[in-house]
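The structure appears below as structure tokens.
From a predicted model like this one, the values you see are computed outputs, not experimental measurements.
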Amino acid sequence: MSWISNTFSSSIGRKIVMAVTGLFLCSFLVVHLVGNLQLFKNDGGLAFNAYSEFMSHNTIIRIMEIGLVLGFGFHIYEGLLLATKNKAARGSKYVSDHIEQNSPWHSRNMAVLGSIVLFFLVVHLYNFFGTLRFGTPLVDAQGNENAYALVVDAFHNIFYVVLYVLAQFALLYHLLHGFQSAFQTLGLNHRKYTPVIKLVGVVFSIVVCAGFAAMPIYFYFFK
Amino acid sequence: MFPESKIPEGPLAEKWEKHKFNVKLVNPANKRKYDVIVVGTGLAGGAAAASLAELGYNVKAFTFHDSPRRAHSIAAQGGINAAKNYQNDGDSIFRLFYDTVKGGDYRAREANVYRLAQVSVNIIDQCVAQGVPFAREYGGLLANRSFGGAQVSRTFYARGQTGQQLLLGAYSALSRQIAYGKVKMYTRSEMLDLVVIDGQARGIITRNLITGEIEQHAAHAVVLATGGYGNVFYLSTNAMYSNATAAWRAHKKGAYFANPCFTQIHPTCIPVSGDYQSKLTLMSESLRNDGRVWVPKTVEMAQKLQKGEIHVNQVPEDERDYFLERKYPAFGNLVPRDVASRNAKMMCDEGRGVGQSGLAVYLDFSEIIQRIGAEAVSQKYGNLFAMYEKITDEDPYKQPMRIYPAVHYTMGGLWVDYNLQTTVPGLYATGECNFSDHGANRLGASALMQGLADGYFVIPYTIGDYLAQTPPKPVDINHPAFKEAEAEVRGRINKMMSINGTRTPDDFHKQLGHIMWEYCGMARTAEGLRYAKGEIQKLRQGFWSDLKLSGTDAELNQTLEKAGRVADFLELGELMVDDALHRNESCGGHFREEYQTPEGEALRDDDNFAYVAAWQYVADNQPEILNKEELTFENVKLTQRSYK
Amino acid sequence: MAGSNPNAKPMNLTLKVWRQKNRNTEGKIVDYQVKDISPEMSFLEMLDVLNEDLLRKGDEPVAFDHDCREGICGSCNLFINGRAHGPETGTTTCQLHMRKFSDGDTIVIEPWRANAFPVNRDLSVDRSAFDRIIQAGGYVSVNTGGTPDGNEIPIPKEIADRAFEAATCIGCGACVASCKNASAMLFVSAKVSQLALLPQGHVERKTRVENMVAQMDKEGFGACTNIGSCAAECPVGISLENIAILNREFLAAKATSNNLV
């Protein structure tokens, strides 16, 4: 079975892992965003808490959670490995390098952007997931864990708000390159469809990141 | 006694088939016991190395480039001829043969040319099978175009990069054999001498250009595919590294050099722009299909243009002299290369040349642009126009191109027999390196054809004939001949390194180029040639007493490489002059002003000069011996070319 | 003698050139002045002027690779002012002309930098890794002779044209030099696409892509992250679409070939 490990340890194989996990994580972003839109519902958080309760106790969701962890794990591991290997492949640095004249900044700094997102992710998990899963959260009127209260609490802390919004910018640029790049890596480049994929990628990145960024801003200023 | 040309008996069309049957074969089990050295990895060398390895021989291939893919075959633009008659326009093997012999002004060997035309069809099949992306019609079949004044469409092409695509085909075949271990590839290795044991070629001496090491390589046979010697002129359309060293070293070890004065001057090149100029760039001949060549009618107007006092577009129509259309109403701007070149020179000699130097004529596209529109013109010539603009900063859509003839190809080369063997048994020469197929003038799209014909389809058969008669025991690398040759090479290098004079190799090369271009270029006279001979001898003495180099020979030293090549050009240049001086006629690319018709056209002398002049080296600074191979023409009728 | 433009003024320039004795020694930038450079000169002719000058002074000229000087052989390979082949797009170093620079400019000239391209000397690098990648499978395995007639297999013009466009790669290495990751993917993909598009290449399609990619990785090139610098700097305009084709070919080959390693 050495062909499997050989395939996925080749340069293209690693890219494919990045692309597949990346697109999978994109789908997670959609689910996460859609669910969290319930934060905007003016019911004191009841719907959101119910959703949160479902997500944290449903067996199927819990199984899928393992997939999500693996997705993140591979994406981060391969990403850092590629970044290190690619840096080493250059060898000595150019004395004068004007790479900015032939490519956009964010496409060259996916590891930096990804690391910012990763840092955010750790803080984010500690804030919410950690408290809900391992702490002793309050319960709401319907007896569900009151995730909503946690959100309200966190989003009145200016440091969190700033961190969240900045992280969304990092994610935005990460996605702007990553989304269309994943299709290219999977070999899906066609004169007809690639322009569409690129457009969808831009719209997707902006909508998702704007959606997430709207939450801390909304709570800080209006709740 | 001249060595025989070994042309097989029998009717022209059957010679090659018969010969293939008559040559001796090497037992398949024995092939791996033979080593063959191939020097050069262009079309001729790359194809030969790959094909010989496929047959089972052990091949050692050498190139001074960093990769076999960089040989100058890559720069050929136009296409490759083949007598496929896909266009149903009356082409045939005989017609291609006939056109080539006539185009060469009847100074080529009939049998060789006929074989070339025969195998031309196999070349296309071979290249297609390799994945060479030739141009195709909408129906999916191969496309053709007409070229170089031929009256049929027999040229296969891959946009303006045919040479590149064919070379990459040969390179891929070679790469495959390298991967199989049948070819051992030596890159950045320059052949500096031939090793001859008991009168037979048995190896070469090379210099590793990165480390400076001198190496000995033994083999049962040596194939030289090292290209032409156009860089004798310093400025030419050849690549910067193209040189004559391998061929010249072989010449000094016994291989005769044939027709060295036959050089082709291509009419449509971008003119020289300054003393710093390092090479000249060709603009494809196809441009003459639609461009009109002109100069101002008067010297006064030309001078105004030279000084920039008037813009070319301001020259009134009735002040323009479309001299090719005027002198050759039948062919107009499409006269053959030699005629077009000579006429451009005449105009400039009269003082009617343009550009700041006065050494250029106009190639004007305004009429075709008016007729079919700039867009349609761009479809045809877009890449050439862009290249011209890049180099000159002038837009050919808005003003005429300036063009001038430049040295492009050398028809002369090592003398070979029908088997492509030189006068040294075991030493073969293929492609532009030999003299065999183009006579005194080469037709367009024929160089690629000859290189591949020799490499893929001729040498694999003919070399077997020689090897079959050679015992399959390893060549003794400890033979004193190797040490002697190596000592000679080292001696030359040490001598050059130790002169410590004041002039650089480029400096000598430029001066040699000026002499050659002035006196042995487009038009030659006995008086000029005699003067040139003296000048070259003086220059050569200067070289060996005043050369300046730096660094050491044990490292990458590009100036040292250059010096070695210039040293050989300085000897070859004199032989070219001798050859031009002895050939008291004008034919093809060789135009002696004393021998012309009243209208100024080339005047051949078939009674006295229908022969190949094969020069035999004797000793340094001694005149070479002239040997003559009489040419007999049984299948074509010798006529005076006329394009009126 | 001078060129088309009688008003072109000669320039004086400062060159910062990478000098390195051989692949085992450290290199450094050395400053040189060149005077009276005509705007009509090519960049390499400007370097010729520098080298003649150095040689006359008894210094060692700057080693650099070049040959055809008409943009097709792929020998020339200079990293000029932070860009592969200099500031003009779609242009090899030899076709770059001095009119793109101005009097008084400082020009930094470096070799291609990649672990897989060790420096031979000064500005000359060893690109034999490219040859080894082609040797791993960049060919159609046909021997000389015995091939079918050229018109036996019709190939749609569009396919032939696309294959040609991929085949125009000159193997200069600008893609590797300009890629942040020193990836050779554009080079490899050009050959893989050419032969994947053409029917002649189909027979060995799977083994070809598997072997060429394995060799590419072995040579120490980086992995592609779809930045696009390579295609932007490619002097002959090889498109990124080829890399997608390479990825596709690789995936398909790995998924369906009988190769167990």
Side chain, backbone, both or neither of Ile155(C) within contact of chain B (heavy atoms, under 4.5 Å): both

Close contacts, residues 198-205 of chain C versus chain B, judged by heavy atoms under 4.5 Å: Leu198(C), Gln200(C)

Ring-face cation of Arg188(B) near Phe64(B) (centre distance under 6.0 Å, axis angle within 45°): no

Interface residue of largest heavy-atom contact number with chain B, from Thr168(C), Asp126(C), Asp122(C), under 4.5 Å: Thr168(C)

Residue pair Leu197(C) / Ile159(C): nearest heavy atoms and the distance that separates them: O-CG2, 3.3 Å

Portion of Thr559(B) that has a non-hydrogen atom of chain C nearer than 4.5 angstrom: side chain

Between Glu45(C) and Ser278(B): side-chain donor-acceptor atoms closer than 3.5 Å: yes

Basic-acidic side-chain contact under 4.0 Å: Asp506(B), Lys510(B): no

Pairwise side-chain contact, Met185(B) with Pro68(B), heavy-atom cut-off 4.5 Å (strictly under): yes

Residue part contacting chain C, namely of Leu556(B), when any heavy atom lies under 4.5 Å: both

Interchain contact, Gln77(B) with chain C, by part (heavy-atom threshold 4.5 Å): side chain

Proximity breakdown for Ser242(B) and chain C, heavy-atom pairs closer than 4.5 Å: backbone

Which portion of His66(C) sits near chain B, non-hydrogen atoms under 4.5 angstrom: both

Flag side-chain contact, heavy atom, 4.5 Å: Cys94(C) against Cys76(C): yes

When Arg69(C), Glu70(C), Lys100(C), Lys21(C) are compared by non-hydrogen pairs under 4.5 Å with chain B, the top option: Arg69(C)

Proximity breakdown for Leu549(B) and chain C, heavy-atom pairs closer than 4.5 Å: backbone

Contacting region of Gln130(B) [heavy-atom separation from chain C under 4.5 Å]: both

Exercise: do Arg23(C) and Asn120(C) side chains pair donor with acceptor under 3.5 Å: yes

Cation over ring face, Arg127(C) and Phe117(C), 6.0 Å, 45°: no

Min side-chain heavy-atom separation Leu44(C)-Phe64(C) under 4.5 Å: yes

Residue part contacting chain B, namely of Thr91(C), when any heavy atom lies under 4.5 Å: both

When Lys191(C), Gln194(C), Gln135(C) are compared by non-hydrogen pairs under 4.5 Å with chain B, the top option: Gln135(C)

Between Phe187(C) and Phe130(C), ring centroids under 6.0 Å: yes

Region of Asn22(C) in contact with chain B, defined by heavy-atom distances below 4.5 Å: neither

Top contributor to chain B contacts, counting heavy-atom pairs under 4.5 Å, from Pro156(C), Pro39(C), Ser75(C): Ser75(C)

Per-residue contact mode, Val62(C) against chain B (heavy atom under 4.5 angstrom): backbone

Interface residues of residues 137-154 of chain C facing chain B - heavy atom cut-off under 4.5 Å: Gly138(C), Tyr139(C), Val140(C), Ser141(C), Val142(C), Asn143(C), Thr144(C), Gly145(C), Thr147(C), Pro148(C), Asp149(C), Gly150(C), Asn151(C), Ile153(C), Pro154(C)

Proximal component of Glu137(B), with respect to chain C [non-hydrogen, under 4.5 Å]: backbone

Contacting region of Phe156(B) [heavy-atom separation from chain C under 4.5 Å]: neither

Portion of Asp59(C) that has a non-hydrogen atom of chain B nearer than 4.5 angstrom: backbone

Heavy-atom proximity to chain B below 4.5 Å, by part of Gln215(C): neither

